[in-house]
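Report on one structure; see the data block that follows.
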Amino acid sequence: MDISIIIVTYNVREYISHCLDSIKSSVSELSYEIIIVDNASTDHSVELIKEFYSDVIIVKNSLNLGFSKGCNIGAKQAKGQYLLFLNPDMIIGQDSLMKFYEMAKSKTYRDVFGGELYDGSFDYLPESKRFFPTISSSLIRLFRIDKMVSIKDYRYYHSKSTDIEPVEVLTGALIFIAKSFFNEIGQFSEQYFMYGEDIDLCKRISQYGGQCWLAPQIKVIHFKGESSNYDLNYFRHFYQSLSIYAITHLLPNNGLISGIVSLFMKMLAVFRYLILKAKKGFFDLLLFFAIFVFASLLWAISYHQDIFYFDYYLVGNIGLFYAIIIVLIKCLIGDYLHQGSLRFTSKSNYGFILISVLAISSLLPESIRISRAVLLLSTLIFFLVDILISRAQSIRNLVFSEDQSIFLKKQGLYFVSNQDVSVRQPNAKVFKISDMNLGEVLGSSDAVLPFFYSNTTNSLYSSRYSNLNGMKIDRLTNYKLGIKRSIHQKRMLDLTLTVLLFPLFVVFILLKKSESSEKLKNLFLGKLTFVGYDNDDTLPFIPHSLLSLGGNVRDPLIENKSLKHDYALHYTIWTDLTIILTNFGLLLNVLWIKEEVE
């Protein structure tokens, strides 16, 4: 075996087909194998690979073990003389494998190779070749000094060459290395869960007498950052990797210094995460406050014919109070989980927010209560502004029709899944992976809006309209119950109802009904849900439920495939609430008896 291609995946269904199609189209007489190490994906990407790429070797982990450990697992399975570590969100050129192999044969086994990376809009990515981090460059980057003053980013090589050149660091998204040398240097360090492992590997390549080479004739599209979810775990892993590298390679071997650096990085990770989340809530806070003051003035002038009718000191305080309430409600229903935009409120949640605000208003003392008309007016204006800003954002919602035509409402995007693929957008061009000459595409001076089409899975992808997660067209990615916000809302509903049922928990404990108290505990921990369906591989996974979608005994005639599909496709918390309230007596019975309703 000449080459083993190792790809570590985690919830990458939307673009793994494009990566695999590009490998299959890589013109080569070499023998190679593709090994995919899946880190417990939940998006059915493994099922897609098994269905359309049956010759791919799949190693499925039961837990997310991280990138480094995943690569090492794949390397142990590999039979090839050379290893190509490849990110799943990449498209390689048709002759990349042969060029890598020929370069490796012309050098020594200690030489390691990478290529030029371009993003989904065909812009060159400077991280294709980097310098080793130093203390000064790390501090500049860490405290964002390069963003505040004009400092040339000296993490990257800024010169471009047309010939192969030695570099210090190659990106871990694309590394071609002899298997014998990879094992000799100790593989990827498994201290790194994700991020920084490529710098550490290149450091050891240098220490073992090897050399990293950047080959500009090998060009690759990398949908940079689109497999990353910028949550607390992202920041924790990122800053943990920085501290591991600093402690290992930059700082003196001192336990006190290591401890201080590790603690500082953990604090910085939490701080960055909170800042990321807070800016969205802060935007809503200011927006509603301004609208509330404006609505008060408008109502005082138009209805009371007196601009000074209200005490505006009180108006300001009450406006701030309601602004905080709205931000808290939006936090609870998951409107700040999305990373790519400031506005993300679902229309189905507007009513919930309005009812909650009016309910809270009715509970306030009369002395600090303001006109409900002002509150209603300001809330409706806030919703209107929210919708207008949402409409001005990038494409988000795709609709898949039964006749296999995919269209985007009010955006003019059409994708026809037969012999032809077309996109009605200015300067749009569809590139079929199987026919695309990557060298010519990246070398073209034409300004195009690129869309990438997988012939195998019949799916379209565009990075330009993506913010972070890309635009994906696929039957299984349209389920509302498959997106983070809906999962969050369902979990918050379960948690709220469980808290309300806490007196029952005390009763169960006193009566020594351990099975019943265990159910409430599992509901609180997220191991059970109040309403749901029996899981299968074609629908988003949810925990086992107490009530069926029919609100009674699970029966194949009642809870059929269509019912489960509609529930997952159009899920809202109102669906769960309706089933729970309608069948509340049955729910109490299910909690009380030993066996669950099945």
Side-chain angles (χ1 to χ4, degrees), residues 11 40-44 46-47 62-63 332-334 337 346 348-349 352 475-509 511 513-598:
N11 292 338
S41 293
T42 57
D43 65 344
H44 303 289
V46 171
E47 288 76 13
S62 57
L63 298 172
L332 288 174
I333 62 179
L337 291 174
S346 170
S348 62
N349 292 329
F352 178 76
R475 285 184 178 87
L476 290 179
T477 56
N478 290 325
Y479 289 115
K480 279 193 176 179
L481 202 52
I483 63 175
K484 183 183 291 187
R485 185 179 71 236
S486 296
I487 296 170
H488 176 83
Q489 290 175 356
K490 186 173 179 64
R491 176 76 187 104
M492 291 307 300
L493 176 63
D494 287 344
L495 195 60
T496 302
L497 293 177
T498 307
V499 171
L500 293 175
L501 292 172
F502 181 75
L504 271 182
F505 183 77
V506 177
V507 172
F508 292 150
I509 294 294
L511 295 178
K513 293 184 66 65
S514 58
E515 296 89 352
S516 298
S517 58
E518 186 72 13
K519 289 174 188 175
L520 280 175
K521 185 182 78 172
N522 287 334
L523 284 166
F524 185 80
L525 296 175
K527 296 179 181 179
L528 276 177
T529 185
F530 280 98
V531 179
Y533 49 71
D534 293 324
N535 287 290
D536 61 48
D537 290 338
T538 63
L539 294 171
F541 174 83
I542 58 174
H544 186 64
S545 62
L546 296 182
L547 292 176
S548 71
L549 300 182
N552 44 28
V553 178
R554 282 197 182 86
D555 187 328
L557 297 177
I558 298 174
E559 193 174 279
N560 55 33
K561 179 70 176 177
S562 177
L563 183 62
K564 294 195 292 185
H565 172 271
D566 289 343
Y567 176 78
L569 186 65
H570 305 294
Y571 174 80
T572 69
I573 58 174
W574 304 111
T575 307
D576 280 4
L577 278 172
T578 301
I579 294 173
I580 291 169
L581 293 176
T582 306
N583 303 276
F584 191 71
L586 178 62
L587 175 63
L588 294 178
N589 190 42
V590 171
L591 288 170
W592 185 265
I593 64 176
K594 182 176 181 179
E595 295 183 357
E596 295 171 4
V597 177
E598 294 185 324

Minimum-distance pair of heavy atoms, taken over all atoms of [X] and [Y]:
X: Leu528; Y: His544; value: CD2-O, 3.1 Å
X: Pro543; Y: Lys527; value: CB-O, 3.6 Å
X: Leu591; Y: Ser516; value: O-OG, 2.5 Å
X: Leu549; Y: Lys564; value: CD1-CA, 3.8 Å
X: Ser545; Y: Val531; value: CB-C, 3.6 Å

Taking Asn589 for its side chain and Gly585 for its backbone only, find out whether a donor-acceptor pair lies under 3.5 Å.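 Side chain of Asn589 to backbone of Gly585, a donor-acceptor pair under 3.5 Å: no, none is there.
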Judged by atom type as modelled, is there a donor-acceptor pair below 3.5 Å linking the side chain of Thr582 to the main-chain atoms of Ile579?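 Checking the backbone N and O of Ile579 against the side chain of Thr582, no donor-acceptor pair under 3.5 Å is found.
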To the nearest 0.5 Å, what is the distance between [atom1] on [X] and [atom2] on [Y]?
X: Lys519; Y: Thr498; atom1: NZ; atom2: OG1; result: 13.5 Å
X: Tyr571; Y: Ile487; atom1: OH; atom2: CD1; result: 10.0 Å
X: Asp494; Y: Asn522; atom1: CG; atom2: CG; result: 12.0 Å
X: Leu581; Y: Leu587; atom1: CG; atom2: CG; result: 10.0 Å
X: Ser548; Y: Leu586; atom1: OG; atom2: CG; result: 8.0 Å
X: Leu500; Y: Leu495; atom1: CG; atom2: CG; result: 10.0 Å

Is [Y] close to [X] at the side-chain level, that is, under 4.5 Å between some pair of heavy atoms?
X: Leu520; Y: Phe502; value: no
X: Thr575; Y: Tyr567; value: yes
X: Leu497; Y: Leu523; value: no

Can you tell me which residue pairs pass the salt bridge (Lys or Arg N to Asp or Glu O under 4.0 Å) test with a partner in [range], sequence neighbours excluded?
range: residues 570-587; value: Lys490-Asp576
range: residues 495-505; value: none
range: residues 495-509; value: none

